[in-house]
Undergrad: 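Structure below; questions to follow.
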Amino acid sequence: MSRKDVFANLNPPSAAAAENSAEVRVQKGRLRPILGSPDLIQDTSRSPVGAIGQSLSEVSERSRRADDIEKRLAEGQVVVSLDTADIDPSFIPDRMPGAVEAHDRLVSSIREQGQQVPILVRPHPENPGRYQVAFGHRRLRAITELGTHVNAIVRNLTDEQLVVAQGQENNERQDLTYIEKARFADRLQQRFSRDVIMAAMSLYKSDLSNMLSVVARIPDALIESIGPAPTVGRRSWIELAELLSKTKSLDRAIAFTEASEVQNLPSEERFKALLAHLKPRPKKAKADVWSTRAGVRLAKVTRSDAKVEIVIDRKEAPEFASFVLDKLQSLFEEHRSKN
């Protein structure tokens with residue numbers, strides 16, 4: 001799904017509703033951040049003519065232009081420049097702290113080429129004059145570090161519309177890892193139905209169930225200690241969840257990943273090291289040597305929980321090897337007759 005489609009699926013309010021809403025907002029006075037001024041524009045009937053050296057017609061024209069711009073802005077057709085200090089993250093985070101190298105590359109790319117794709121924000125539902133990110137958190141962090149304004153599309157979004165946009169954008173990202181998506185789904189289920197989550201993340205019911213099962217069986221503390229693990233997929237995370245359930249080794253797992261030598265590894269290597277650490281180690285097979293009374297070696301017998309191996313040295317006892325092979329069938333028949 002293209003970013004254009006992401007915006008298309010977020011239906012703006014009807015024209016009538018937008019017009020009525022605009023009337024109420026103008027009467028109360030409001031911030032016009034897209035005009036590059038923090039001044040509140042009031043209803044002209046309450047403003048003294050010429051108070052700031054403008055005629056009534058100029059004030060009315062400015063207000064009309066502001067309404068026109070914000071109408072187009074609500075339809076997602078305008079990219080505006082916002083101060084990064086005025087923007088808060090989504091109420092449902094979707095990312096874990098990533099590699100420093102990846103962040104540095106993004107900062108360098110934006111510094112050299114500019115911001116190619118705007119972020120999507122909505123007016124903050126609780127803090128007037130501020131915004132909340134639907135998607136573009138990494139770009140926002142990079143641009144904040146650069147100390148410049150961020151290009152953004154501002155939409156009036158409900159909570160549900162925001163997470164749908166956030167989830168659909170996540171589906172386009174090649175760098176959002178399996179466990180990050182699973183945790184995002186888990187956070188969504190605390191506020192939204194599974195139908196909304198599946199729509200937001202383009203998931204089948206079985207895929208969503210697997211994700212939620214993984215997060216339910218692997219505590220946040222351990223996931224945070226492992227990190228996003230970019231190359232680790234669904235099967236490996238399910239394997240880890242099953243190991244933790246079967247071996248009751250959660251405390252041992254957390255202690256292992258928190259060790260300094262493990263934390264110094266890349267995230268995916270931490271995961272692999274933990275998986276190897278938790279897997280049951282096979283017991284070393286016991287080996288015996290059969291020899292003749294004269295001390296000639298006949299065979300080596302190796303026993304384990306799974307099998308018994310008899311290895312006959314043909315150089316030392318070629319006739320015995322042939323004898324055993326010839327007698328195997330009759331030995332089995334004799335065993336079966338007694339049992």
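Sequential numbering from 1 along the given sequence is applied to the chain's residues. Bear in mind the structure is a predicted one, so any value in this text is a computation, not a measurement.
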Undergrad: Test side-chain contact (heavy atoms from CB on, under 4.5 Å) on F271 and L275; report intermediate values, then the result.
TA: CA-CA 6 Å; F271 180 93; L275 202 61; 4.1 Å; yes
Undergrad: With a 4.0 Å cut-off on N to O distance, would you call R183 and E224 a salt bridge?
TA: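 Yes, charged N to carboxylate O under 4.0 Å.
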Undergrad: Just how far is it from atom CG of L240 to atom OG of S245, taken to the nearest 0.5 Å?
TA: 9.0 Å
Undergrad: Please check this pair: side chain of Q329 against backbone of D326, looking for a donor-acceptor N/O pair closer than 3.5 Å.
TA: no
Undergrad: Check whether any side-chain heavy atom of S81 sits under 4.5 Å from a side-chain heavy atom of V150, and report yes or no.
TA: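 When only atoms from C-beta onward are counted, V150 and S81 do not touch, as no gap falls below 4.5 Å.
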Undergrad: When clusters are formed by joining ILVMFWY residues with side-chain heavy atoms under 4.5 Å apart, either directly or through shared neighbours, do V324 and I310 land in the same one?
TA: yes
Undergrad: For residues 253-260, tabulate all N or O donor-acceptor pairs below 3.5 Å that involve a side-chain atom, not counting sequence neighbours.
TA:
{"unit_1": "T257", "atom_1": "OG1", "unit_2": "S225", "atom_2": "OG", "d": "2.8"}
{"unit_1": "T257", "atom_1": "OG1", "unit_2": "A253", "atom_2": "O", "d": "3.2"}
{"unit_1": "T257", "atom_1": "OG1", "unit_2": "I254", "atom_2": "O", "d": "3.1"}

Undergrad: For the atom pair NZ (K181) and CG (D207), what is the distance rounded to the nearest 0.5 Å?
TA: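 The distance works out to 10.5 Å.
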Undergrad: For the pair K300 and E309, find out whether any cationic side-chain nitrogen is under 4.0 Å from an anionic carboxylate oxygen.
TA: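 Result for this pair is no, no salt bridge flagged.
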Undergrad: Quick check: does any side chain N or O of R130 sit under 3.5 Å from a backbone N or O of A85, one acting as donor and the other as acceptor?
TA: yes
Undergrad: For the residue pair L222 and L244, establish whether any side-chain heavy-atom pair is separated by less than 4.5 Å.
TA: yes
Undergrad: Would you call R270 and E268 a salt bridge, taking side-chain N to carboxylate O under 4.0 Å as the test?
TA: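 Salt bridge between R270 and E268, a charged N being under 4.0 Å from a carboxylate O: no.
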Undergrad: Spell out, as yes or no, whether a donor-acceptor pair under 3.5 Å connects the side chain of E269 to the backbone of P266.
TA: no
Undergrad: Give, for atom OG of S337 and atom CZ of F332, the distance between the pair rounded to the nearest 0.5 Å.
TA: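 Rounded to the nearest 0.5 Å, the OG-CZ separation comes out at 10.5 Å.
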Undergrad: Step by step, work out the side-chain contact (heavy atoms from CB on, under 4.5 Å) result for Q132 and H124.
TA: CA-CA 5 Å; Q132 191 172 58; H124 200 293; 3.8 Å; yes
Undergrad: Can you pull the salt bridge (Lys or Arg N to Asp or Glu O under 4.0 Å) pairs that have at least one residue in residues 188-203, sequence neighbours excluded?
TA: D159-R191
Undergrad: Between R139 and P118, which heavy-atom pair has the shortest distance, and what is it?
TA: NH1-O, 3.0 Å
Undergrad: Do M211 and V232 sit in the same hydrophobic cluster, where Ile, Leu, Val, Met, Phe, Trp and Tyr count as joined when their side-chain heavy atoms come under 4.5 Å apart?
TA: yes
Undergrad: Checking the side chain of S109 only, and the main-chain atoms of R105 only, is there a donor and an acceptor separated by less than 3.5 Å?
TA: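 A pair under 3.5 Å: no.
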Undergrad: Is there a path from V79 to F135 through hydrophobic residues (I, L, V, M, F, W, Y) whose side chains come within less than 4.5 Å of each other?
TA: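 The answer is yes; both residues are in one hydrophobic cluster.
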Undergrad: Which heavy atom of S267 sits nearest to which heavy atom of I226, and what is that distance?
TA: OG-O, 2.8 Å
Undergrad: Looking at CD1 of I238 and CZ of R217, how far apart are the two atoms once the value is rounded to the nearest 0.5 Å?
TA: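 It is 7.5 Å, given to the nearest 0.5 Å.
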Undergrad: For D186 and Q189, run side chain to side chain donor-acceptor pair (under 3.5 Å): C-alpha distance rounded to whole Å, both residues' side-chain angles, the deciding distance at 0.1 Å, then the answer.
TA: CA-CA 5 Å; D186 181 61; Q189 80 159 341; 3.1 Å; yes
Undergrad: Minimum heavy-atom separation for I110 to A142, with atom names?
TA: CD1-CB, 4.0 Å
Undergrad: Hey, does V154 have a side-chain heavy atom less than 4.5 Å from the side chain of P123?
TA: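 Answer yes - side chains close enough.
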Undergrad: How close do W237 and A229 get, counting heavy atoms only, and between which atoms?
TA: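 Nearest pair, atom of W237 first, then A229: CZ2-CB, 4.0 Å.
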Undergrad: With side-chain contact (heavy atoms from CB on, under 4.5 Å) as the test, pick out the partner of Y131 among T84, D83, I87, I119.
TA: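 Answer after filtering T84, D83, I87, I119: I87.
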Undergrad: With the side chain counted from C-beta on, respond yes when F192 and V164 share a heavy-atom pair under 4.5 Å apart, and no when they do not.
TA: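 The answer is no; the side chains never approach within 4.5 Å.
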Undergrad: With respect to Q115, which candidate in T148, I143, L146 satisfies the side-chain contact (heavy atoms from CB on, under 4.5 Å) definition?
TA: I143
Undergrad: If I compare all heavy atoms of G227 with all of I179, which pair ends up nearest, and what's the gap?
TA: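 Closest approach of G227 to I179: O-CG2, 4.1 Å.
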Undergrad: At their closest point, which heavy atom of S90 faces which heavy atom of H137, and how far apart are they?
TA: N-NE2, 3.0 Å
Undergrad: Take M201 and F184 through the side-chain contact (heavy atoms from CB on, under 4.5 Å) test and state the conclusion after the steps.
TA: CA-CA 9 Å; M201 302 183 67; F184 181 54; 3.9 Å; yes
Undergrad: Got a second to check how far I92's CD1 is from L188's CG, nearest 0.5 Å?
TA: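 It is 4.5 Å, given to the nearest 0.5 Å.
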Undergrad: Kindly work out whether a path of hydrophobic side-chain contacts (I/L/V/M/F/W/Y, heavy atoms less than 4.5 Å apart) joins I312 to V308.
TA: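 Yes.
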Undergrad: Do the side chain of T158 and the main chain of Q161 share a donor and acceptor less than 3.5 angstrom apart?
TA: yes
Undergrad: Show your working on side-chain contact (heavy atoms from CB on, under 4.5 Å) between T177 and T231 and close with a plain yes or no.
TA: CA-CA 8 Å; T177 69; T231 62; over 6 Å; no
Undergrad: Can you tell me if R122 uses its side chain to pair, donor with acceptor, with the backbone of L157 under 3.5 Å?
TA: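 Checking the backbone N and O of L157 against the side chain of R122, a donor-acceptor pair under 3.5 Å is found.
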Undergrad: side-chain contact (heavy atoms from CB on, under 4.5 Å) with R155: which of L162, V121, L120?
TA: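 Filter result, single survivor: L120.
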Undergrad: Please report the interatomic distance CG(N151) to CG(L82), rounded to the nearest 0.5 Å.
TA: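 That separation rounds to 8.5 Å.
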Undergrad: Can you find a pair of side-chain heavy atoms, one from R111 and one from S108, that are under 4.5 Å apart?
TA: yes
